[in-house]
Amino acid sequence: MLTRAAPSVSTLYADALGAFLAEQGLPRDAGPAPLGPRLCGSAFAGLMTGGARELGDPALGLRFGTRVGAAGFGMLGIAAASAPTLRDAIGHLTELESITSTLGRARVLRRGQRVHLVWQPAQTVAPAVIEGILAGWVSFGRYLLGGQADVAHVSLRHSRIAQLAEYEDAFACPLRFGTCCYGVTIATELLDATPRFADAALNAALGTWLGHCARTSARDGAVVTRAVGVLFASSVPLAEADEARTAAALGLAPRALQRALRREGASFRQLLGAARAQQALIGVLRGDAPLAQLGAAVGFEEQSSLCRAFRGWTGYPPLVFRQRMAQVFRPLRLAQEPFGAGPHA
């Protein structure tokens with residue numbers, strides 16, 4: 001029975017929190033093991049609130065948000081970092097947020113000379129988790145822009161749970177508590193700012209397939225698409241994935257799977273190609289295995305075949321792509337991150 005998914009986060013985002021908690025002296029295996037590539041939202045909130053309780057630190061979510069790096073956001077982080085402008089980076093957030101988290105949904109409202117990036121929780125979410133999300137937006141955005149990003153104000157629907165100074169350190173802008181919504185407000189002119197890792201060619205290449213990754217993680221609508229994504233990440237290895245095996249795992253005939261995906265605006269070939277691309281790119285960035293081994297794991301018999309596919313996915317050979325993104329692709333940024341030129345200045 002295919003059902004709507006519970007809110008969740010990617011294991012990369014959960015791993016970034018685990019790395020942060022480990023820095024604070026807490027064991028990394030304190031939380032439950034995730035199923036496949038996702039950790040349910042309640043388990044992630046338990047890690048956050050449990051860590052805050054053990055450390056006696058109500059500002060833990062804020063602190064985590066100011067440290068999370070592109071690896072914590074997964075492919076959303078790479079898409080945002082390589083975006084030609086901040087406008088494009090924000091567009092990626094609203095379109096690809098489900099790759100990192102389905103705890104809520106971001107949307108953009110423009111009013112006069114202000115842009116409001118609003119976040120609506122999918123269900124009740126712990127305040128510390130929300131503060132981590134918004135602090136992550138602000139801090140990572142400033143990191144991408146080299147520190148030059150004036151924020152008009154940050155809005156929090158809940159009352160503060162930590163000392164005011166903690167919020168001021170995390171956001172470095174005016175704060176509003178007890179508002180009608182959660183969000184970050186910036187000046188419209190900031191939308192044209194260029195991130196220091198901007199790479200229009202890479203960003204365009206990612207845009208041809210990343211949307212399919214987002215659809216396999218989304219909670220609403222595309223139920224069969226999401227179910228296929230879950231199988232690719234758990235019980236159907238990408239090296240062995242085919243339409244017949246995937247359909248059987250879902251209790252469907254191949255033609256029924258084709259029709260169901262078509263109704264949802266997808267195809268098996270698109271979803272499999274996007275899953276292979278995402279796993280290959282993350283594997284290259286993390287240096288998980290030699291290229292030949294990584295290629296075999298995602299379904300390529302020859303390393304040369306992987307390299308050709310990689311050029312289509314990114315516009316670059318694997319090792320060149322890794323070199324260009326190595327600086328930004330880390331689970332956690334340094335506590336005092338130096339702002340400098342990007343990889344191709």
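These figures come from a predicted structure and were not determined experimentally.
- At least one side-chain heavy atom of N203 sits less than 4.5 Å from a side-chain heavy atom of P84.
- When side chains are defined from C-beta on, L117 does not count as touching L109, because their heavy atoms never get closer than 4.5 Å.
- The two residues R38 and S217 come nearest to each other via the heavy atoms NH1-OG, 3.7 Å.
- When atom types are taken as modelled, the side chain of Y167 and the backbone of I161 share a donor-acceptor pair closer than 3.5 angstrom.
- If you take CG on L231 and CG on L272, they are separated by 12.0 Å, rounding to the nearest 0.5 Å.
- Following chains of ILVMFWY side-chain contacts shorter than 4.5 Å, one can reach I282 starting from V68, so the two form part of one hydrophobic cluster.
- Side-chain contact between R324 and L202: absent, with no pair of heavy atoms (C-beta onward) separated by less than 4.5 Å.
- In this structure, Q270 contributes its side chain and S267 its backbone to a donor-acceptor pair below 3.5 Å.
- Taking CG from L261 and CZ from R269, the interatomic distance works out to 14.5 Å, rounded to the nearest 0.5 Å.
- In this structure, OG1 on T100 lies 4.0 Å from CG on L76, to the nearest 0.5 angstrom.
- The closest side-chain heavy-atom distance from L93 to R107 is not below 4.5 Å.
- Within 6.0 Å of CD on Q24 lie more than 12 heavy atoms contributed by other residues, nucleotides or ligands.
- Annotation for E23: atom CD counts as buried by contact number, over 12 foreign heavy atoms lying within 6.0 Å.
- Applying the 6.0 Å contact sphere to CD of E240 captures more than 12 heavy atoms from other residues, nucleotides or ligands.
- The distance from the CD1 atom of I186 to the SG atom of C173 is 11.5 Å, given to the nearest 0.5 Å.
- A donor-acceptor pair is defined here as one N or O able to donate and one able to accept, closer than 3.5 Å; no such pair exists between the side chain of T11 and the backbone of A14.
- Remark: R196 is positioned above the aromatic ring of Y143, its terminal NZ or CZ atom under 6.0 angstrom from the ring centre and at most 45 degrees off the axis.
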*Should R87 and I90 be marked as a side chain to side chain contact (heavy atoms under 4.5 Å, CB included) after you check the CA-CA gap, both sets of side-chain angles, and the distance that decides it?*
CA-CA 5 Å; R87 176 185 287 103; I90 291 174; over 6 Å; no
*Could you walk me through whether W209 and Q278 pass side chain to side chain contact (heavy atoms under 4.5 Å, CB included), step by step?*
CA-CA 9 Å; W209 56 270; Q278 179 171 226; 4.1 Å; yes
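- Side-chain contact between R245 and P237 is present, with heavy atoms from C-beta onward closer than 4.5 Å.
- In this structure, the side chain of D15 does not engage the main chain of P331 through any donor-acceptor pair within 3.5 Å.
- In this structure, R142 contributes its side chain and F171 its backbone to a donor-acceptor pair below 3.5 Å.
- By the rule that hydrophobic residues join a cluster once side-chain heavy atoms approach within less than 4.5 Å of another member, V108 and V118 end up as members of separate clusters.
- Judged by distance alone, with hydrogens and angles left aside, the side-chain atoms of D169 form no donor-acceptor pair with the main-chain N or O of E166 at under 3.5 Å.
- Proximity of a side-chain donor or acceptor of T102 to a complementary backbone N or O of S8 within less than 3.5 Å is detected.
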*Please step through side chain to side chain contact (heavy atoms under 4.5 Å, CB included) for the pair V9 and L103, ending with a clear verdict.*
CA-CA 7 Å; V9 302; L103 300 179; 3.7 Å; yes
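- Between F300 and W313, the angle of the ring planes goes over 60°, which puts this pair in the perpendicular group of the 30/60° scheme.
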*Would you sort out whether E54 and L26 count as a side chain to side chain contact (heavy atoms under 4.5 Å, CB included), showing the intermediate values?*
CA-CA 8 Å; E54 288 190 53; L26 296 182; 3.6 Å; yes
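- Rounding to the nearest 0.5 Å gives a distance of 9.0 Å between CD of E302 and CZ of R308.
- Connection of L206 to V320 is established within a shared hydrophobic cluster, with ILVMFWY side chains joined at heavy-atom distances below 4.5 Å, either directly or through further cluster members.
- S98 contributes no side-chain N or O that, together with a main-chain N or O of S101, makes up a donor-acceptor pair within less than 3.5 Å.
- Within the 4.5 Å cutoff, no side-chain heavy atoms of L319 are placed close to those of P317.
- Judged by distance alone, with hydrogens and angles left aside, the side-chain atoms of T94 form a donor-acceptor pair with the main-chain N or O of G91 at under 3.5 Å.
- For the residue pair T66 and R333, no side-chain donor N or O sits within less than 3.5 Å of a side-chain acceptor on the partner.
- The distance between the ring centers of H158 and Y182 falls below 6.0 angstrom.
- For the pair V129 and A45, the tightest heavy-atom approach, listed with the atom from each and the gap, is CG2-CA, 3.9 Å.
- The shortest heavy-atom contact between T179 and S155 is OG1-CB, 3.5 Å.
- When the side chains of ILVMFWY residues are joined at heavy-atom separations under 4.5 Å, either directly or via intervening members, V154 and F177 end up in a single hydrophobic cluster.
- The two residues T49 and A126 come nearest to each other via the heavy atoms CG2-CB, 3.9 Å.
- With respect to R105 and E97, no salt bridge is recorded, no charged nitrogen being found less than 4.0 Å from a carboxylate O.
- The heavy-atom pair separating A266 from T225 by the smallest distance is CB-OG1, 3.9 Å.
- In this structure, T246 contributes its side chain and E243 its backbone to no donor-acceptor pair below 3.5 Å.
- When ring centroids are compared, F310 and F321 come within the 6.0 Å threshold.
- Between L334 and R67, the closest heavy-atom pair is C-NE, 3.8 Å.
- A heavy-atom distance below 4.5 Å is found between the side chains of L291 and V284.
- No option in L281, L285, T314 other than L285 meets the side chain to side chain contact (heavy atoms under 4.5 Å, CB included) test with I78.
- Within the 4.5 Å cutoff, the side chain of L257 has heavy atoms near those of the V224 side chain.
- With rounding to the nearest 0.5 Å, the separation of OG in S82 from NE2 in H92 is 6.0 Å.
- Outside the 6.0 Å centre-distance limit, the rings of F73 and F329 are not counted as a close aromatic pair.
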